[in-house]
Amino acid sequence: MITKPIDPLLRLREALPAELTKHLDRIEEIKSKFIPTPWQPELVLAINEVVANAVERKNRNLPLTHDNRIDVKGLAVIGPSRSGKSRALRQYFDHHPVFAGYGDPSSDSPLLWVSVPSPCGLVQLGRSIVNASGYAVERDYPAHRLFEMARTRLREMPKPFLAIEELQHSTHEVSLKEQVNVCDALKNLMESERITLFLSGVETLIPFIGLDSQLDERLTKFYFRRLVPQQQDLLADMVHVYADAVCLDVAYSNTDALFARLSHASLHAFGRTVEITIDAIADCLRKEEKTLTREHFACAYAAKSGQPASENPFLADRWHDIVCKTHVEKANELGPLPAAARGKHRK
């Protein structure tokens with residue numbers, strides 16, 4: 001009898017010291033909590049409208065079929081890096097009675113979720129869709145062949161909904177001609193295959209989508225804005241929810257400006273405030289302390305940024321003058337050229 005070998009990651013976890021395993025369990029408990037972004041209710045409404053459009057009959061006297069549907073629309077979720085776009089979308093699909101299970105391409109969920117690499121031209125996009133569908137591409141194919149395979153897979157599975165995250169990678173070190181090709185391929189998925197698209201990415205996705213006027217018209221844009229001072233109560237609630245999950249108190253005062261500092265350190269991106277908060281709680285738990293303080297946030301920021309205390313917004317007196325930075329990809333951060341300038345470069 002052949003026994004299946006134990007997964008090496010499972011063996012590693014089982015070999016951890018008891019104290020570290022306990023710490024890991026508590027961190028997993030924290031991360032399992034979902035704190036809705038400030039835009040979650042509006043996002044749910046926007047997704048519901050797109051889903052309703054996808055099942056709207058062209059002829060109401062006939063049954064709903066693939067052909068008896070109006071032209072499909074899509075949704076582009078746009079916002080700063082680490083603002084919570086993908087997690088908010090996943091939260092919706094994870095808890096939907098029909099979309100649930102989308103992570104497994106063999107499930108009966110009508111949605112296929114795809115993460116694309118950087119850079120992402122037509123070849124990379126086609127390969128990513130085919131691979132996500134559960135079909136391993138073992139040889140090199142030209143772009144048109146890969147995308148035809150992707151169209152066929154989506155049609156036959158069937159997966160009439162396609163979510164693509166990090167699509168701004170199609171603007172990173174990708175020629176303008178290739179960007180136009182990607183936009184055209186996405187538009188054709190919507191027109192020919194009636195695939196409803198959910199796209200997400202940073203702000204450079206806006207001019208990219210604008211490269212094809214028909215794709216642009218078919219997509220509703222939903223923006224994850226940066227946090228503003230009036231939303232500090234939201235950050236306070238978030239910090240308390242995570243701290244309460246592991247029975248920690250939270251110490252701060254008005255003079256601490258803890259939540260204003262947290263927003264500033266996170267570049268006012270909600271998802272990043274969550275990450276720093278979880279790292280701060282982990283630091284507090286490692287030190288076996290019972291109260292979460294500004295110093296724990298300072299340690300979490302220092303570990304992420306590598307900056308000295310003078311450049312740490314949780315420690316410096318003039319923290320609001322500190323220019324916080326991230327290591328987000330900088331390639332083509334302005335996106336494609338404006339329409340007026342693009343024509344000058346064509347030969």
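The residues of the chain are indexed from 1 along the displayed sequence.
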Checklist entry - Between CG of L262 and CZ of R272, what distance do you get to the nearest 0.5 Å? => result 11.5 Å
Item to check | Check: H95 side chain, Q91 main-chain N or O, donor-acceptor pair, under 3.5 Å | outcome: yes
Checklist entry - Is the closest side-chain heavy-atom distance between V182 and C120 below 4.5 Å? => result no
Item to check | Between CG on residue L285 and CD1 on residue I27, distance to nearest 0.5 Å | outcome: 5.5 Å
Checklist entry - Quick one: salt bridge (charged side-chain N to carboxylate O under 4.0 Å, His left out) pairs with a partner in residues 99-114, sequence neighbours left out? => result none
Next on the checklist: Donor-acceptor check, side chain of E311 to backbone of P308, threshold 3.5 angstrom: yes or no?
Outcome noted: no
Checklist entry - For residues Q179 and S170, is any side-chain donor paired with an opposing acceptor at under 3.5 Å? => result no
Checklist entry - Is the closest basic N to carboxylate O distance between R145 and D140 below 4.0 Å? => result no
Checklist entry - Are V50 and I70 co-members of a hydrophobic cluster defined by side-chain heavy atoms under 4.5 Å apart? => result no
Item to check | Student check: side-chain heavy atoms of T273 and M238 closer than 4.5 Å | outcome: yes
Checklist entry - Between I276 and F224, is there a shared hydrophobic cluster once you connect ILVMFWY residues whose side-chain heavy atoms come closer than 4.5 Å? => result yes
Donor-acceptor pairs are to be reported for all side-chain atoms of residues 5-14 against protein atoms at under 3.5 Å, with residues two or more places apart or in another chain.
from, atom 1, to, atom 2, distance (Å)
D7, OD1, L9, N, 2.7
D7, OD1, L10, N, 3.4
R13, NH1, E28, OE2, 2.7
R13, NH2, D25, OD1, 2.8
R13, NH2, E28, OE1, 3.1

Checklist entry - Are a donor atom and an acceptor atom from the side chains of H296 and E289 found within less than 3.5 Å of each other? => result yes
Checklist entry - Just by distance, do the side chain of R218 and the backbone of G74 share a donor-acceptor pair under 3.5 Å? => result no
Item to check | Short side-chain to backbone donor-acceptor contact, K85 and Y223, under 3.5 Å | outcome: no
Next on the checklist: Between V239 and Y252, is there a side-chain heavy-atom distance shorter than 4.5 Å?
Outcome noted: no
Checklist entry - To the nearest 0.5 Å, what is the distance between CG (N131) and CE (M149)? => result 8.5 Å
Next on the checklist: For the aromatic rings, using the six-membered ring if either is Trp, is the centroid distance between F161 and Y102 under 6.0 Å?
Outcome noted: no
Checklist outcome for this item: Applied to residues 44-68, the side chain to side chain donor-acceptor pair (under 3.5 Å) test, sequence neighbours excluded, yields N48-Y92
Next on the checklist: Please check this pair: side chain of R26 against backbone of V246, looking for a donor-acceptor N/O pair closer than 3.5 Å.
Outcome noted: yes
Checklist entry - K221 side chain to D216 main-chain N or O, any donor-acceptor pair under 3.5 Å? => result yes
Checklist entry - Does the side chain of F99 come within less than 4.5 Å of V51's, by heavy atoms? => result yes
Checklist entry - Any chance the side chains of T255 and S253 put a donor and an acceptor closer than 3.5 Å? => result yes
Item to check | Hydrophobic cluster identity match, V274 and V250, side-chain contacts under 4.5 Å | outcome: yes
Checklist entry - Given the rule that I, L, V, M, F, W and Y join up when any side-chain heavy atoms are under 4.5 Å apart, are F93 and I129 in one cluster? => result no
Next on the checklist: Looking only at the side chains, is there a donor atom on one of E42 and Q40 sitting less than 3.5 Å from an acceptor on the other?
Outcome noted: no
Next on the checklist: According to salt bridge (charged side-chain N to carboxylate O under 4.0 Å, His left out), does anything in residues 290-302 pair up with another residue at least two apart or in another chain? List the pairs.
Outcome noted: D256-R294
Checklist entry - Would you say the side-chain atoms of T171 pair up with the backbone N or O of T204, donor to acceptor, closer than 3.5 Å? => result no
Next on the checklist: Side chains of F208 and L199, heavy atoms from C-beta outward: is any pair under 4.5 Å?
Outcome noted: no
Checklist outcome for this item: One should read off an interatomic distance between L111 CG and F198 CZ, to the nearest 0.5 angstrom, of 7.0 Å
Checklist outcome for this item: When rounded to the nearest 0.5 Å, the distance separating OG1 of T293 from NZ of K287 is 7.5 Å
Next on the checklist: Is it the case that the side chain of K159 and the backbone of S109 share a donor-acceptor pair, with hydrogens and angles ignored and the cut-off at 3.5 Å?
Outcome noted: yes
Checklist entry - Any side-chain heavy atom of N312 sitting closer than 4.5 Å to one from W319? => result no
Checklist entry - Does the side chain of C324 come within less than 4.5 Å of P313's, by heavy atoms? => result yes
Item to check | Test salt bridge (Lys or Arg N to Asp or Glu O under 4.0 Å) applied to D94 - qualifying residues, sequence neighbours left out | outcome: none
Checklist entry - Under 3.5 Å, is there a donor-acceptor pair between the side chain of R194 and the main chain of P160? => result no
Item to check | Within 45° cone of F147 ring axis and under 6.0 Å: R151 NZ or CZ | outcome: no
Checklist entry - Applying the 4.5 Å side-chain criterion to the ILVMFWY set and letting contacts propagate, would L215 and L211 be lumped into a single cluster? => result yes
Checklist entry - Does some side-chain heavy atom of L267 sit less than 4.5 Å from a side-chain heavy atom of P80? => result no
Checklist entry - Should we say atom OH of Y135 is surrounded by more than 12 heavy atoms from elsewhere, each under 6.0 Å from it? => result no
Checklist entry - How many angstroms lie between atom CD of E178 and atom CD of E173, to the nearest 0.5 angstrom? => result 13.5 Å
Checklist entry - Just by modelled atom types, is the A260 backbone N or O under 3.5 Å from a matching donor or acceptor in the S263 side chain? => result no
Item to check | Selection residues 224-246 - residue pairs positive for salt bridge (charged side-chain N to carboxylate O under 4.0 Å, His left out), sequence neighbours left out | outcome: E203-R226
